[in-house]
Number of protein chains: 2
Amino acid sequence: MSEEMQWPTRAAKAAAKRAAREAAREAARALREEVRRAVPEPPWWSAPRRGGRQAPLTRDAIVDAAVRLLDRGEGLDSLSMRRLGEELGTGPGSLYWHVRNKEELLDLVFDRLIGEQLPLPAPKPARWQQQVKDIARRALDVLFERPYIAEISIGRFPVGPNALEWTEGVLAILRAGGVPDREAAWGVHLLTTYFTAFAFETQTGLKTPEGEARPEEILERIHAHFHALPRERFPNIADLADELTRGDMDERFEFGLDAILAGLAAAASAARAPRKRPRRG
Amino acid sequence: MSEEMQWPTRAAKAAAKRAAREAAREAARALREEVRRAVPEPPWWSAPRRGGRQAPLTRDAIVDAAVRLLDRGEGLDSLSMRRLGEELGTGPGSLYWHVRNKEELLDLVFDRLIGEQLPLPAPKPARWQQQVKDIARRALDVLFERPYIAEISIGRFPVGPNALEWTEGVLAILRAGGVPDREAAWGVHLLTTYFTAFAFETQTGLKTPEGEARPEEILERIHAHFHALPRERFPNIADLADELTRGDMDERFEFGLDAILAGLAAAASAARAPRKRPRRG
DNA sequence: ACTGTGCTAGAACACCGTTCGAGTTCTGAA
DNA sequence: TTCAGAACTCGAACGGTGTTCTAGCACAGT
């Protein structure tokens, strides 16, 4: 019970301790280095064990390397513990001292990227809807830029410190705009689900049985398939083949975003003027 | 170019051919069986090669077994080519004659389940909104019953025959209700994305670093974590901890569903009475 | 009776996440 | 300064994954 509640403070304390320790170690290493330069070792002595690695293994360094790996490669599959170990000049097993799991590593990567990429404006009640839209658009930009984030995010309740800060900020904006509590809470979830799923479905994860292909190619193929469908059986799909597979992503995104915001705004105004059950009128 | 456009007809032809072939083989087998029963073989002869398997390996039989496996186990991980082979009394390699890929297998499973589980009503223009809601609720029911479907569906453009029929039906309902073309096309996508992502996020895929856990447990833990947060830094999350983690799923689902439908309805009425640019007024 | 096609079995390949034990290095107290 | 214990690294190994390949069997058509 108290175990899992401790982890942020535990992590903070551990981080402080680790930082101090590392500074001391760095000083010691500098001294040793100097000595070694002054008095050469016999050449048959083995080279220092950690030949290739510059930075020592740290939680942060591991997350750094993971992000580097993901940015370089394509898709979440680019990140494996083995490759990550290689990137850091060590084996996969060594990582498990600093990170419980691959799952936990992904948690950390996710939170790191939220913190770096998703700053939040202070709530300005008058234009809260515009603010929310801006936030969602910004999020979608990030998700299109780094599609793997959608893959990490999609089944993950955001509980890291940066994610919490972000959630807190969005909640503040919604409530400042007059959205009642329940709807504000649901709204945050709805928004994040929306832009994550949107990015995932249109960009990240378009699976197809025939190997690698860019999303546009897949959609183009589907478009051709829709066009070739027998019109008497699939009149609507045939008619709307273009709209189904080709529509401008920004417009499409905006369509759903508007709907969500309209829903939130309706809840806000219903709360402001609660006359006679506005529902099921 | 013509390669990939052929696949539906190719599949259809292949299916017909295979069916005919199989019928013939079945007849032959029956005859052989009869002969064998009449004239007993010497007991030292080896048993027929395919000892354990009753049904011959077929695309359909494979999909059957895959669904069986997924229903029995929990999560998409329950389905591996090895286990599937075992279920069918053979090795994993044999499956690849009938199925190009695991990806393709999942395509087939997905489409099979759509066909079985998602019948569609004929469009009744007067109550199109109600119809759409019913469809979405039905879909969510199915997704909650078989959570792995969400996992399969989430990055997959539905192009199988049953999926097409479903899409066609929903499009028909929307257009019959007066929703203009673009919005109808986007609406189908929006709806499927919504209920799939909703099911996935609340039921299927809640990942957590600490091993297996039911969704409710995870949410309960998060709830405790939110309650323990410093109130001066996270006032909104602390206030809304309940709403963020505990809300009744049906109500929550309805909230987003209403928003989507309101958006579609707005598009429909705007198209019906197109006075003076209803947007950005 | 023979040949070629359809299909299967099973080993093998190259990965994957994770665990474990032995070994090293470092820290802090005696 | 010494020394026990903690912190950390390393490498091999385990049991799993999707997929490919080759040899071979069973059967249909000639």
Return the value, rounded to whole Å, for the distance between atom CE of B:Met81 and atom C1' of D:dT20. 12 Å

To the nearest angstrom, how far is A:Glu104 atom CD from C:dT18 atom P? 11 Å

Strictly below 4.0 Å: does A:His98 bring a side-chain N or O up to OP1 or OP2 of D:dA7? no

Closest approach of A:Ala66 to A:Val109 (non-hydrogen atoms, all atoms of both residues): CB-CG2, 3.8 Å

Rounded to the Å, how far apart are A:Leu79 CG and C:dT18 P? 11 Å

B:Ser78 side chain vs B:Gly75 backbone, donor-acceptor pair below 3.5 Å: yes

How many Å lie between CG on B:Leu76 and P on D:dT17, as a whole number? 12 Å

Would you kindly give the CG-to-C1' distance between A:Leu84 and C:dC15, to the nearest whole Å? 16 Å

Under 4.0 Å between a side-chain N or O of A:Asn101 and OP1 or OP2 of C:dG17? no

Which nucleotide wins on minimum distance to the side chain of A:Leu57, given the candidates C:dA9, D:dT9, C:dT18? D:dT9

When the distance from NZ of B:Lys102 to C1' of D:dG16 is rounded to whole Å, what number comes out? 12 Å

So CG of A:Leu88 and OG1 of A:Thr58: to nearest 0.5 Å the spacing works out to 9.0 Å

Looking only at atom types and distance, does a side-chain atom of B:Lys207 sit under 3.5 Å from a main-chain N or O of A:Leu106, one as donor and one as acceptor? no

Distance in angstrom units between B:Trp97 CH2 and C:dG6 P, rounded: 6 Å

Determine whether a donor-acceptor pair (one donor, one acceptor, N or O, separation below 3.5 Å) exists between the side chain of B:Arg82 and the base of D:dG16. no

Whichever of A:Gly93 and A:Ser80 has its nearest DNA chain C nucleotide further upstream toward 5': A:Ser80

Checking only heavy atoms, does the side chain of B:Thr90 share a donor-acceptor pair with the base of C:dA9 at less than 3.5 Å? no

Pairing of B:Glu201 and A:Arg156 as salt bridge, 4.0 angstrom limit: no

Base, sugar-phosphate or nothing for A:Leu105? Non-hydrogen atoms, less than 4.0 Å. nothing

What is the separation between atom CG on B:Leu95 and atom C1' on D:dT19, rounded to the nearest whole Å? 11 Å

Does OP1 or OP2 of C:dT18 have a side-chain N or O of A:Arg100 closer than 4.0 Å? no

